[in-house]
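Heads up: the structure comes next, in structure tokens.
Being a predicted model, the structure only gives us computed values, none of them experimental. Residue indices begin at 1 and follow the sequence shown.
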Amino acid sequence: MLLYKPETPRKSRFEILIEGTKMVAERKIWDAMEVAQEARDCCSSDIHSSQLTVDTSLSLSDMSPRLIELCKDLFKKWSRLEDSCFTIETVSGGITNLLLKVSVKEENGNEVSVTVRLYSPNTDYFINRERELQAIKYLSAAGFGAKLLGVFGNGMVQSFINARTLTPADVRKPKLAAEIAKQLRKFHAVEIPGSKEPQLWNDIFKFYENASILRFDDIEKQRKFETILFKEVYDEVVEIKELTGRLNAPMVFSHNDLLSGNLMLNEDEGKLYFIDFEYGSYSYRGFDIGNHFNEYAGYDCDYSLYPSKDEQYHFFRHYLRPDKLDEFLSWT
């Protein structure tokens, strides 16, 4: 189980990799119409599609007309509405996507909201969108995440979850940590069709291959890049892979990115949500838990915040024995 405290902040290097991946990208992978048809085949006939794209480099005000056009193209019942019936606001933004809330006042006077998820440029080169799409069907049926409503040129539209995004400080609160553990146990019990082999190594080596050949025009970025000892990284990954193969570790469908930003809480209902399954795949149970602990450090990579042994044991107890949890009455 990967419960170590990394010494080197990984976020900045991950960002360097993503930026560099844009430099080696040569073709468009995501095809909205093709993916929408796959979604209809495996999920629901109610999934809509559009070939429109939205420029993620624009400000929200400049982006809004295109978002309205997109919503009208996806959902024909909104096509005759005035633009003034649409309200758009930012929910959150990360390395791989931008989440926007679009609220629509319909002809009958009802107001409905959806989440528009815009993918960052070229992220399809290291995120398997088809794998994510397949997982959404089964995870949604098990009560995880939002319902998929439509796909378009560079993103998805999903049902809006009325909840707030957690912070790194939230996830270490004992009662919240207990509920996260309980929900993760249920998440790991969901069966997703396909290979049960760990995809972790494929993903790591794909990153490695892309990362090791990058070159940056920016001198400072190139200098930072050259501090990465790729041969040592490769050798250590190979060694860890070999050691892991001896452990016979439980294989489960893992979230693989359970940071605070992918956890949402409706405090009125006392309901916790897992969202964003773009890194989801079969992997070692311990990796998913260890990765979640790693995220206690937050975006600033303050590893003094890594959970203590007592905090880890608290999480394990509630993960392994969810039937013995105390009644979950308060979030504070």
Side-chain angles (χ1 to χ4, degrees), residues 1-4 6 9-11 13-15 17-18 21 92 94-97 99 117 119-120 123-140 142 144-146 156 165-166 168 171 177 180-208 210-211 233 237 240-241 244-245 247 249-264 272-299 301 306-307 312 315-316 319:
M1 186 172 294
L2 305 178
L3 302 181
Y4 54 86
R10 60 181 179 81
K11 295 292 184 181
R13 291 183 177 180
F14 184 60
E15 290 167 347
L17 171 57
I18 289 177
T21 302
S92 66
I95 295 173
T96 58
N97 61 67
L99 296 182
R117 184 171 155 203
Y119 299 130
S120 299
T123 51
D124 299 318
Y125 287 89
F126 53 88
I127 293 174
N128 187 326
R129 299 297 182 193
E130 284 68 29
R131 186 171 72 190
E132 176 190 13
L133 186 67
Q134 183 186 39
I136 285 175
K137 169 188 175 181
Y138 297 93
L139 293 171
S140 178
F144 293 100
M156 290 184 180
T165 302
L166 297 188
V171 298
I180 293 168
K182 177 183 176 182
Q183 291 300 321
L184 187 58
R185 168 69 175 255
K186 293 179 180 178
F187 188 95
H188 286 166
V190 178
E191 288 286 330
I192 308 292
S195 172
K196 301 297 192 291
E197 292 298 313
Q199 297 303 303
L200 171 66
W201 309 114
N202 294 337
D203 293 340
I204 288 177
F205 287 121
K206 187 194 302 183
F207 269 107
Y208 177 86
N210 286 331
V233 171
V237 171
I240 293 172
K241 183 176 185 295
T244 305
L247 300 178
M251 202 67 60
V252 297
F253 190 83
S254 302
H255 188 285
N256 295 324
D257 194 28
L258 208 59
L259 71 166
S260 60
N262 287 336
L263 294 164
M264 301 187 73
L272 181 74
Y273 296 89
F274 287 10
I275 64 169
D276 283 6
F277 310 127
E278 56 192 5
Y279 292 110
S281 68
Y282 272 92
S283 189
Y284 309 101
R285 179 177 65 180
F287 174 81
D288 214 14
I289 296 172
N291 182 71
H292 174 61
F293 288 168
N294 190 55
E295 297 294 355
Y296 277 49
Y299 287 110
C301 299
Y306 194 88
Q312 291 181 40
F315 188 96
F316 296 149
Y319 177 93

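In this structure, OH in Tyr319 is found 12.0 Å from CD in Gln183, a value given to the nearest 0.5 Å. One finds the CG atom of Leu99 at 7.0 Å from the CZ atom of Arg117 (value rounded to the nearest 0.5 Å). Remark: Phe293 CZ to Asp288 CG distance equals 11.0 Å, nearest 0.5 Å. To the nearest 0.5 Å, atom CZ of residue Phe205 and atom CG of residue Leu200 are 9.0 Å apart. Going from atom CZ of Phe187 over to atom CG of Leu139 covers 4.5 Å, rounded to the nearest 0.5 Å. A distance of 11.5 Å separates CG of Asn128 from CD of Glu278, quoted to the nearest 0.5 Å.
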Verdict with supporting geometry, Ile275 and Thr165, side-chain contact (heavy atoms from CB on, under 4.5 Å): CA-CA 10 Å; Ile275 64 169; Thr165 302; 5.8 Å; no
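Within the 6.0 Å centre-distance limit, the rings of Phe277 and His255 are counted as a close aromatic pair.
Between the Gln199 side chain and the Glu197 main chain, a donor and an acceptor come within less than 3.5 Å of each other. Panel note: side chain Arg131, backbone Gly280; a donor-acceptor pair is recorded below 3.5 Å.
At least one side-chain heavy atom of Glu295 sits less than 4.5 Å from a side-chain heavy atom of Asn291. Residues Pro198 and Met251 form a side-chain contact, since some pair of their non-hydrogen atoms from C-beta on lies under 4.5 Å apart. Contact check for Phe315 versus Leu184: side-chain heavy atoms found under the 4.5 Å cut-off. Residues Asn97 and Asp276 have side chains in contact (heavy-atom distance under 4.5 Å, counting atoms from C-beta outward). In this structure, Thr244 and Trp201 have side chains that are in contact, with non-hydrogen atoms separated by less than 4.5 Å. Residues Ile192 and Tyr138 meet the side-chain proximity criterion, which asks for heavy atoms closer than 4.5 Å. Side-chain contact between Glu132 and Met156: present, with at least one pair of heavy atoms (C-beta onward) separated by less than 4.5 Å. Looking only at side-chain heavy atoms (C-beta outward), Leu263 and Phe274 come within less than 4.5 Å of each other.
Between the side chains of Asn256 and Ser281, at least one donor N or O lies within less than 3.5 Å of an accepting N or O.
Of the residues listed (Val252, Asp257, Leu258), the one engaging Ser254 in a side chain to side chain contact (heavy atoms under 4.5 Å, CB included) is Val252, and it is the only one.
Minimum heavy-atom separation, Phe144 to Val190: CE1-CG2, 4.1 Å. Leu259 approaches Tyr299 most closely through the heavy-atom pair CD1-OH, 3.2 Å. When every heavy atom of Gly290 is checked against every heavy atom of Tyr306, the shortest pair comes out as O-OH, 4.4 Å.
Within 6.0 Å of NZ in Lys196 there are more than 12 heavy atoms belonging to other residues, nucleotides or ligands.
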